[in-house]
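Accompanying notes for the structure given below.
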There are 2 protein chains.
Amino acid sequence: MLKKERHDFVMRQINLHNRVLTSDLVQLLNVSEDTIRRDLQELSDDNLLYKVHGGALSKSYHSSFDDSTVYAKDAKIGIAKKALSLIKDGMFILTGGGTTIIEMVKQLPENLQATFFTISPLVAVELAKYPKIEVILIGGLFSKNSQITYGGQVINQLSEINVDLCLMGVSAVHPTDGLTDTDWEINQLKKTMLSSSKKTAVLCISEKLNITLRLKVAALGQISYLITELEPNDESLKPYQAKGLQIL
Amino acid sequence: MLKKERHDFVMRQINLHNRVLTSDLVQLLNVSEDTIRRDLQELSDDNLLYKVHGGALSKSYHSSFDDSTVYAKDAKIGIAKKALSLIKDGMFILTGGGTTIIEMVKQLPENLQATFFTISPLVAVELAKYPKIEVILIGGLFSKNSQITYGGQVINQLSEINVDLCLMGVSAVHPTDGLTDTDWEINQLKKTMLSSSKKTAVLCISEKLNITLRLKVAALGQISYLITELEPNDESLKPYQAKGLQIL
DNA sequence: CGGGTATTTGCAGGTTTTTGCGATAATAAT
DNA sequence: ATTATTATCGCAAAAACCTGCAAATACCCG
């Protein structure tokens, strides 16, 4: 591989992941550490990246990350990290949209080999950054509010698949009322997602606990895992644990 | 072998593989390294390729989708502005992916009322910002390279629609060979897109003119508009105009 | 046709670039 | 404080490059 090609590769990685590890590059590009270090040094000299111990960071990383407006971002990152433990090589996974899911995708292990179905274009774009992940984007009407596809066509396609795990965010969870939501279409969608997967993990920040909305999505018995930013032994999670949910 | 033949050979290799090694060329063309180097030097002087230590790279090959590093961004914005004139209220429009299309979407009139079908998640997300535009994202396998959906499912869905206008980028255009490409799947996709729309506009920067690749996508007669960053009366566009294409 | 000119090509040589290795220093982790 | 990881430096071999030169070929024009 030509030096310029390596440089391009590194810059692509940096632009995609905002970071890059020396050790990863050694593996991916099949050259010695010294070569990678010299590459990073040169790119750094050209002001294209920010070299640090262990690898390099994107120049724009800090600015673009700091002024992010994601609500309760830290909590969501915590949730995301817990969700990772459910994901193993070779799995077929279905995901919804939402910032929590996107945070999770950003933290997947670099070499995860898996097949993802998703109704979120943003999730698809993030997933596409992983070399060994196959991505299938379920198409249909595109919702401006939730930035996911929905409608009959999506439901049709979802009903044809059967995956190991479904990861979804929710609007409300309640110990006896289960999952509830306010939008009819999204509701139908989530029902279908549930029935298309062997196990389901619900990702939600604690403020959505113990709330009931108008439309019923599913009973707690239909889901397997509940992932919040709280400690698993937190008092407010006890009622859910009693219902048989596994708390992460 | 004549020098011009070698040059053509090199350029074909470059267009095909986006790269070429000096050592490979020595073997393939049976000439000395010096000759190859001189060839590459001359082609580089003519701005046809990008010479590097060990070989040469394609000029246009920058597959990064990061906003800040879009290749030839100004030209693409110019193309985008011209394409706008084809779009009217109430239309049903099908778009492909690519940075040029995204630039165009960013410049749509704020209150445009239209229905867009697209195979590009990034285009869908951009389109969703317009209140009066309805967006249908065609789903299927997601291509990491081109950031679009493709494959049988996409083709099936495309074959069910019939829109007023199709906007697509291309890899190569030639006055007699028409549109050509290198990837089989993308090829099938583009053919289907063409047959799903009454009129088709091809968006391409001028350096893709007069190039022929391996796989035929369509004859010039199948498309309606050709949009480049050049003035419509530019000399290099004459052959296309002669074929009946409307130049913007 | 023939002599002069220009182009092309390969070679010899010396120069530069690239790369990996070993030894040593710096930095993070425990 | 000790250990493990990561960086740095100098070096040497290999590869790629450049320059000038000369032979071969093609070209031009009287």
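So that the names make sense, note that chain A is the first sequence line, chain B the second, and so on, each numbered from 1.
- Within a 6.0 Å radius of NZ in Lys132(A), other residues, nucleotides and ligands contribute 12 heavy atoms or fewer.
- When heavy atoms are screened at a 4.0 angstrom cut-off, Val26(A) is found touching no nucleic acid atom at all.
- For the pair Thr35(B) and dG10(C), the criterion of a side-chain N or O lying under 4.0 Å from OP1 or OP2 is met.
- Ranked by how close their nearest DNA chain C nucleotide is to the 5' end, Asp39(B) and Leu2(A) are led by Asp39(B).
- The pair Lys4(B)-Asp8(B) meets the salt-bridge criterion, with a side-chain N (NZ, NE, NH1 or NH2) lying under 4.0 Å from an Asp/Glu carboxylate O.
- For the pair Glu5(B) CD and dT8(C) P, the interatomic distance rounds to 14 Å; values are reported in whole Å.
- Side-chain contact of Thr180(B) with Lys216(B): a donor-acceptor pair under 3.5 Å is absent, judged by distance alone.
- Between the C1' atom of dT9(C) and the CG atom of Leu29(B) lies a distance of 14 Å, rounded to the nearest Å.
- If you take CZ of Arg37(B) and P of dT9(C), they are 15 Å apart, rounded to a whole angstrom.
- Nucleotide dT5(D) holds its C1' atom 15 Å from the CG atom of Asp24(A), rounded to whole Å.
- Rounding to whole angstrom units, CG of residue Leu40(A) and P of dT8(D) are separated by 10 Å.
- Close to dT8(D), at under 4.0 Å from its OP1 or OP2, lies a side-chain N or O of Lys51(A).
- Within 6.0 Å of atom NZ in Lys81(A), 12 or fewer heavy atoms from other residues, nucleotides or ligands are found, so the atom counts as exposed in its surroundings.
- For the pair Asp34(B) CG and dT7(C) P, the interatomic distance rounds to 19 Å; values are reported in whole Å.
- The shortest distance between the side-chain N/O atoms of Thr22(A) and the OP1/OP2 oxygens of dT6(D) is not below 4.0 Å.
- If you measure from atom CZ of Arg6(B) to atom P of dG10(C), you get 7 Å, rounded to the nearest angstrom.
- Interatomic distance, Tyr240(A) OH to Thr228(A) OG1, rounded to the nearest 0.5 Å: 10.0 Å.
- Close to dT17(C), at under 4.0 Å from its OP1 or OP2, lies no side-chain N or O of Arg38(A).
- Rounded to an integer number of Å, the gap from CG of Leu25(A) to P of dT6(D) is 13 Å.
- Of the two residues near DNA chain D, Gly54(A) and Gly54(B), the one whose nearest nucleotide lies more 5' is Gly54(A).
- Comparing dT8(D), dT27(C), dA16(D) by their nearest atom to the side chain of His53(A) picks out dT27(C).
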